[in-house]
Amino acid sequence: MLPFLRGVPRALGSAVAGLRAAAPSPPLRQLLQPAPRPCARPFGLLSVRAGSARRPGLLRPRGPCACGCGALHTEGDKAFVEFLNDEIKEEKKIQKHKSLPKMSGGWELEVKGTEAKLVRKVGGEKITVTFNTNNSIPPTFDGEEEPSEGQKTEEQEPELTSTPNFVVEVTKSDGKKALVLDCHYPEDEVGQEEAEESDIFSIREVSFQSTDESDWNDTKYTLNTDSLDWALYDHLMDFLADRGVDNTFADELVELSTALEHREYITFLEDLKSFVKSQ
């Protein structure tokens with residue numbers, strides 16, 4: 001009986017694995033909101049302090065403090081605020097751009113929270129590029145070994161770069177419909193320096209959308225470039241380049257998005273500190 005019972009967990013594990021394999025995969029396209037990536041700024045990248053052992057009693061439930069204000073004050077909150085103070089100082093110290101970098105080519109920038117819009121008018125056409133910095137930082141771990149004990153964490157931290165999906169809309173002077181190209185940065189192309197120049201971004205999907213509709217219409221035909229003839233794909237890339245969306249633009253977009261994401265991250269830390277500290 002004992003060998004039979006030992007085999008039960010293994011059989012259940014195989015059955016669960018089979019059910020996972022048979023589960024349908026999610027839809028491919030998610031406009032402007034890419035599928036959530038693994039945590040790109042893991043807690044291990046935050047400031048690590050040696051000897052920061054958990055104090056006894058931090059997890060015990062606490063009631064309102066004795067001062068009579070009715071608010072909840074704990075030693076854990078106090079330590080959290082101190083940590084956030086240090087973290088904000090460090091992030092501001094390494095902040096590369098105190099003001100947002102400029103885009104060449106006459107692009108006008110409009111920012112609303114984590115979403116940014118670039119607009120350029122050329123020869124009676126309006127080119128609009130929209131992107132969102134949320135979930136835009138690729139994972140910084142690919143199975144690399146954890147830093148050994150005693151090794152400095154700062155030496156292991158890679159520079160975080162924001163490579164967001166972006167959507168290009170080209171509207172003619174009549175303004176009735178727009179050619180929409182959903183673009184992204186392939187992770188294996190970002191940061192690669194090759195002797196032969198190659199595109200650092202790719203077109204993933206192409207469709208026509210009506211300009212009088214504010215929301216994306218999924219009933220419109222959408223061309224996926226995965227199985228597209230390369231000659232047609234090259235013409236689409238040339239079409240974008242002629243309108244200022246080329247490798248230079250893509251490089252500058254990464255720098256702009258990285259600055260935006262870092263600014264939003266610092267603001268988040270400041271808001272988190274105020275929230276934890278508030279009475």
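These numbers were taken from a predicted model, which means no experiment stands behind them. Along the sequence shown, residues carry numbers from 1.
Both Phe166 and Val111 belong to a single network of hydrophobic side chains, linked directly or stepwise wherever heavy atoms of I, L, V, M, F, W or Y lie under 4.5 Å apart. Placement of Ile88 and Ile94 in two distinct hydrophobic clusters is found when ILVMFWY residues are connected by side-chain heavy-atom separations under 4.5 Å, directly or transitively. Under the 4.5 Å side-chain heavy-atom criterion for Ile, Leu, Val, Met, Phe, Trp and Tyr, Phe208 and Tyr233 are members of the same hydrophobic cluster. The same ILVMFWY cluster, assembled from side-chain heavy atoms under 4.5 Å apart, contains both Val170 and Val206. Under a hydrophobic-cluster definition in which Ile, Leu, Val, Met, Phe, Trp and Tyr are linked whenever side-chain heavy atoms come within less than 4.5 Å, directly or via other members, Trp230 and Leu236 are assigned to the same cluster.
Relative to the six-membered ring of Phe239, Arg243 meets both conditions, a distance below 6.0 Å and an angle of at most 45° to the axis.
Of the possible donor and acceptor atoms, none in the side chain of Ser257 sits under 3.5 Å from a partner among the backbone N and O of Val254. No donor-acceptor pair closer than 3.5 Å links the side chain of Ser173 to the backbone N or O of Gly124. Arg204 contributes no side-chain N or O that, together with a main-chain N or O of His184, makes up a donor-acceptor pair within less than 3.5 Å. The backbone N or O of Ile200 sits less than 3.5 Å from a side-chain atom of Asn247, completing a donor-acceptor pair. Distance alone, capped at 3.5 Å, is enough to place a donor-acceptor pair between the Thr225 side chain and the Ile203 backbone. Here the side chain of Tyr185 pairs a donor or acceptor atom with the backbone of Ala250 at under 3.5 angstrom.
You'll find the ring centres of Phe249 and Phe201 outside the 6.0 Å limit.
In summary, the side chains of Ser104 and Glu252 do present a donor paired with an acceptor at a separation below 3.5 Å, with no hydrogens or angles considered. Using modelled atom types and a 3.5 Å distance limit, the side chains of Gln95 and His262 yield no donor-acceptor pair. Side-chain contact annotation: Thr258 with Ser162, donor-acceptor N/O pair under 3.5 Å absent.
Distance check: Leu179 CG to Glu125 CD gives 9.5 Å after rounding to the nearest 0.5 Å. Atom NZ of Lys117 and atom CG of Asn132 lie 12.5 Å apart (nearest 0.5 Å). The OG1 atom of Thr130 sits 6.0 Å away from atom CD of Glu115, with the distance rounded to the nearest 0.5 Å. To the nearest 0.5 Å, the span separating CG on Asp77 from CZ on Phe275 amounts to 10.0 Å. In this structure, NE2 in His235 is found 13.5 Å from CG in Leu240, a value given to the nearest 0.5 Å. To the nearest 0.5 Å, the span separating NZ on Lys96 from CD on Glu255 amounts to 5.0 Å.
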* Go through Leu84 and Leu272 one step at a time and tell me if the side-chain contact (heavy atoms from CB on, under 4.5 Å) criterion holds. => CA-CA 8 Å; Leu84 288 171; Leu272 181 59; 3.9 Å; yes
* Asked: How far apart are the C-alpha atoms of Lys177 and Lys220, what are their side-chain angles, what is the distance that settles it, and do they pass the side-chain contact (heavy atoms from CB on, under 4.5 Å) test?
  -> CA-CA 12 Å; Lys177 60 182 178 180; Lys220 301 286 187 181; over 6 Å; no
* Should Ile127 and Val119 be marked as a side-chain contact (heavy atoms from CB on, under 4.5 Å) after you check the CA-CA gap, both sets of side-chain angles, and the distance that decides it? -> CA-CA 6 Å; Ile127 300 95; Val119 180; over 6 Å; no
* I would like to know whether Glu264 and Glu261 meet side-chain contact (heavy atoms from CB on, under 4.5 Å); could you show each step before the answer? => CA-CA 5 Å; Glu264 288 296 316; Glu261 197 280 337; 5.8 Å; no
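Two residues are said to be in side-chain contact when any heavy atoms from C-beta on lie closer than 4.5 Å; Met103 and Leu109 fail this criterion. Residues Val167 and Cys183 fail the side-chain proximity criterion, which asks for heavy atoms closer than 4.5 Å. A heavy-atom distance below 4.5 Å is found between the side chains of Arg263 and Leu100. Put simply, the side chain of Val180 reaches to within 4.5 Å of the side chain of Ser207, judged on heavy atoms. Side-chain contact between Val129 and Trp107: present, with at least one pair of heavy atoms (C-beta onward) separated by less than 4.5 Å.
Residues meeting the side-chain contact (heavy atoms from CB on, under 4.5 Å) test with Asp242, sequence neighbours left out: none. For the side-chain contact (heavy atoms from CB on, under 4.5 Å) test, residues two or more places apart in sequence or in another chain that qualify with Val81 are Asn85, Lys273, Val276, Lys277.
A salt bridge does not link Lys78 with Glu75: none of the charged nitrogens is closer than 4.0 Å to a carboxylate oxygen.
The two residues Leu253 and Phe131 make their nearest non-hydrogen contact at CD1-CE2, 3.1 Å. Across all non-hydrogen atoms, the minimal contact from Pro138 to Thr163 is CG-OG1, 3.4 Å.
Within a 6.0 Å radius of NZ in Lys98, more than 12 heavy atoms belonging to other residues, nucleotides or ligands are found.
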